[in-house]
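The structure appears right after this line, and notes come after that.
Residue numbering restarts at 1 for every chain, and letters A, B, ... go by the order of the sequence lines.
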2 protein chains.
Amino acid sequence: MTVTIYDVAREAGVSMATVSRVVNNNPNVKPQTRKKVFEAIERLGYRPNAVARGLASKKTTTVGVVIPDIANANFAEVARGIEDIANMYHYNIILCNADMRKDKEIRVINTLLEKQVDGLLFMGGTVTDEHLQAFNTSNVPIVLCATTDEKGNMPSVDIDHEGAAFDAVTKLIGEGHRSIAMISGTLKDPAIGYARFQGYKRALEKAGIPYREDFVRVGNYKYESGIEATQYFLELSDRPTAIFAATDEMAIGAIHGLQDAGIAVPGQVSVISVDNSRMASMVRPQLTTVAQPMYDIGAVSMRLLTKLMKKESVENARVTLPHELVQRQSVAGAKA
Amino acid sequence: MTVTIYDVAREAGVSMATVSRVVNNNPNVKPQTRKKVFEAIERLGYRPNAVARGLASKKTTTVGVVIPDIANANFAEVARGIEDIANMYHYNIILCNADMRKDKEIRVINTLLEKQVDGLLFMGGTVTDEHLQAFNTSNVPIVLCATTDEKGNMPSVDIDHEGAAFDAVTKLIGEGHRSIAMISGTLKDPAIGYARFQGYKRALEKAGIPYREDFVRVGNYKYESGIEATQYFLELSDRPTAIFAATDEMAIGAIHGLQDAGIAVPGQVSVISVDNSRMASMVRPQLTTVAQPMYDIGAVSMRLLTKLMKKESVENARVTLPHELVQRQSVAGAKA
DNA sequence: CTGTTAGCGCTTTCAT
DNA sequence: ATGAAAGCGCTAACAG
């Protein structure tokens with residue numbers, strides 16, 4: 001039925017150990033023997049059983065990554081960064097989607113740990129005590145990627161969300177805007193939603209612009225919620241001249257919400273956001289936004305994880321990658 | 001160090017077999033014993049080792065899915081369908097991205113098979129002889145999902161790409177268009193690129209419109225290539241009045257390429273495509289497109305796979321799901 | 001350079 | 001209802 005290492009050994013006239021050696025590229029095998037074994041493998045169509053290997057060696061050479069939402073382009077980009085580095089270090093990666101649901105995140109973490117991954121990458125999403133608890137039961141290294149824990153105890157790679165939001169809003173202020181509304185993500189999410197909201201407030205404060213509650217709407221990071229929030233702003237007697245959206249997707253919603261109401265962007269209202277996803281160029285006017293280096297976040301966090309898995313010492317286990325304003329066409333100066 | 005089933009057995013004062021039974025929900029355990037075991041598990045923080053279990057039982061309750069491009073929203077949607085059904089049947093799924101590269105697809109298939117998945121879903125992408133060869137070495141069921149093999153020998157779930165393209169172009173013709181250009185995907189891909197191209201040709205033919213080679217440009221399914229193709233069409237002395245793009249993303253590129261050149265959509269040129277991705281509503285004018293039931297493709301293929309894994313008999317192992325025209329704002333009648 | 005021999009942690013007959 | 005024991009397929013000392 002299934003051909004095992006034992007079958008190969010018999011076919012090649014050597015011991016299992018020798019077959020194991022050639023399969024694992026152990027140099028201590030005579031070239032001639034190696035050849036014999038390879039031939040036997042070929043002849044029998046032998047495929048090593050990774051499960052048995054994992055049990056015997058206590059290593060699976062695979063790292064698990066939990067991705068909060070597979071449909072989110074940003075996370076996809078992070079995943080690409082992870083993969084490229086993982087391949088470089090000969091790790092397999094198994095992706096598990098958590099569908100934006102906390103219970104599923106916890107379940108997926110446990111599943112991955114049961115599967116004996118050699119390390120875990122937890123991407124995006126809020127890190128609650130429950131998460132921490134699940135992480136604690138693990139004896140493999142875990143790094144947070146595109147998120148952080150509030151306590152700051154875990155290795156992580158992220159950007160400075162508060163600072164990115166601050167820079168975006170400051171850009172608007174620099175263009176002369178004083179009536180700046182925000183379409184926020186959920187404030188319950190400390191890692192992203194709340195941090196970006198804080199950046200908005202700080203930029204206002206620094207410029208001496210009073211904070212107005214009616215200038216903030218909470219969306220769900222999605223396009224439709226950007227439209228809805230914008231429609232709300234348009235009903236205000238005192239309309240904003242600029243909108244800061246916490247994500248590109250909501251910003252595109254804002255642009256369309258504005259345009260559908262016959263308002264020119266950026267002629268009458270400017271729009272800015274944070275992300276610089278691929279979509280930012282796929283809208284007219286093209287979106288001015290603060291870029292997050294998603295690919296790098298993935299790459300750096302995977303690199304960090306490899307070090308941790310090899311028990312190498314790491315200088316700094318909490319890295320913050322720089323962000324940067326990308327100017328396109330959705331921001332213009334405020335009318336005097 | 002790591003706590004094993006043996007530790008739990010000792011702690012609870014029972015045998016390994018009994019612990020195994022309660023962990024696996026075997027009814028043949030006295031409630032009282034069950035309770036004792038659960039307490040021991042709790043006290044020790046026992047987590048079953050899926051690798052050991054997999055080796056002993058020769059089942060991993062996980063299915064591998066290879067996804068050609070994690071950044072593609074359509075595939076993400078298929079993946080969601082897969083997941084929902086997998087959860088329902090208590091299978092874990094592990095996603096492996098193949099980065100649109102054939103060699104990586106083959107490698108990933110082999111990795112998954114080595115990991116002893118109980119079944120495999122191969123999503124999108126062309127199925128070559130090399131693929132078939134890799135599939136053949138497997139003794140677990142495999143189903144193609146959002147693609148098919150040319151020979152038609154493998155279980156698969158897909159839509160009728162040729163028919164979808166035919167319907168899209170026919171819609172244009174119904175609106176009075178006769179100068180219809182196409183932005184195709186690569187013709188090398190029989191499952192999608194070529195099939196949609198064939199649909200375009202057949203619709204033209206049926207309407208008695210001669211096929212013109214200069215009205216077809218091959219793109220790479222991406223936004224930018226949609227723009228480029230459109231710019232090419234605009235340079236023609238004899239411009240098309242409508243553009244059929246093989247994917248939404250290229251269609252959005254077409255819309256913007258047109259608008260950037262000062263051409264009204266759909267006023268002067270109509271645009272239609274196939275996909276109905278989320279993006280179709282995230283553009284102005286909103287895109288008229290033929291919907292593919294991506295989620296259902298995922299769900300149905302996973303369901304099919306569960307049947308195959310349980311060795312249930314299946315009536316039809318090659319299913320084609322229906323498509324449907326979704327009318328939005330990017331198509332208008334041809335000027336008389 | 002190669003073979004022997006214990007396990008890795010769990011499931012699964014087979015007894016009892 | 002429970003336990004004993006034989007593996008699952010492979011790796012990793014250890015010995016030679």
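For the pair Asn28(B) CG and dG3(D) C1', the interatomic distance rounds to 14 Å; values are reported in whole Å. One atom, NZ of Lys115(B), and another, C1' of dG9(D), lie 15 Å apart when rounded to the nearest Å. Here the P atom of nucleotide dG7(C) and the CE atom of Met16(A) are 15 Å apart, to the nearest Å. Here dG9(D) presents its C1' atom at 11 Å from CZ of Arg53(A), a figure rounded to the nearest Å. Protein atom CG of Leu55(B) is 17 Å distant from nucleotide atom P of dG7(C), rounded to whole Å. Separating the NZ atom of Lys59(A) from the P atom of dA12(D) is a distance of 6 Å, rounded to the nearest angstrom. Straight-line distance from the CD atom of Gln116(A) to the P atom of dG9(C): 9 Å, rounded to whole Å. Asn24(B) places its CG atom 16 Å from the P atom of dA1(D), with the value rounded to the nearest Å.
Within the structure, every side-chain polar atom (N or O) of Thr4(B) is placed at least 4.0 Å from both OP1 and OP2 of dC8(C). Here Lys58(B) reaches the OP1 or OP2 of dG9(D): one of its side-chain N or O atoms lies under 4.0 Å away. For the OP1/OP2 pair of dT4(C) and a distance below 4.0 Å, the side-chain nitrogens and oxygens of Tyr6(A) include no atom meeting the criterion. For Thr18(A) and dC1(C), the shortest distance from a side-chain N or O to OP1 or OP2 is not below 4.0 Å.
Counting non-hydrogen atoms under 4.0 angstrom, Ser20(B) reaches a base of the nucleic acid. When heavy atoms are screened at a 4.0 angstrom cut-off, Val23(B) is found touching no nucleic acid atom at all. Heavy atoms of Asn49(A) sit under 4.0 angstrom from primed sugar atoms or phosphate atoms, though from no base atom. Within the nucleic acid shown, Val14(A) comes within 4.0 Å of sugar-phosphate atoms alone, with no base atom in reach, counting heavy atoms only.
Interface remark: the Arg47(B) side chain does not form any donor-acceptor pair with the dG9(C) base, using a distance-only criterion of under 3.5 Å.
A residue-by-residue look at Arg21(A) and Ile5(A) shows that Ile5(A) has its nearest nucleotide of DNA chain D further toward the 5' end. Positionally, the nearest nucleotide of DNA chain D for Ala17(B) lies more toward the 5' end than for the other of Ala56(B) and Ala17(B).
Lys310(A) NZ: more than 12 foreign heavy atoms inside a 6.0 Å radius. Residue Glu39(B) places its CD atom among more than 12 non-hydrogen atoms of other residues, nucleotides or ligands, all under 6.0 Å distant. For Glu42(A), the CD atom counts as loosely surrounded, since its 6.0 Å shell holds 12 or fewer non-hydrogen atoms of other residues, nucleotides or ligands.
Listed nucleotides: dG3(C), dA1(D), dT11(C). Nearest to the side chain of Ser57(B): dT11(C).
Here Arg101(A) does not pair with Glu105(A) in a salt bridge; the nearest charged N to carboxylate O distance is not below 4.0 Å.
Leu121(B) CG to Ile93(B) CD1: the interatomic distance, rounded to the nearest 0.5 Å, is 8.0 Å.
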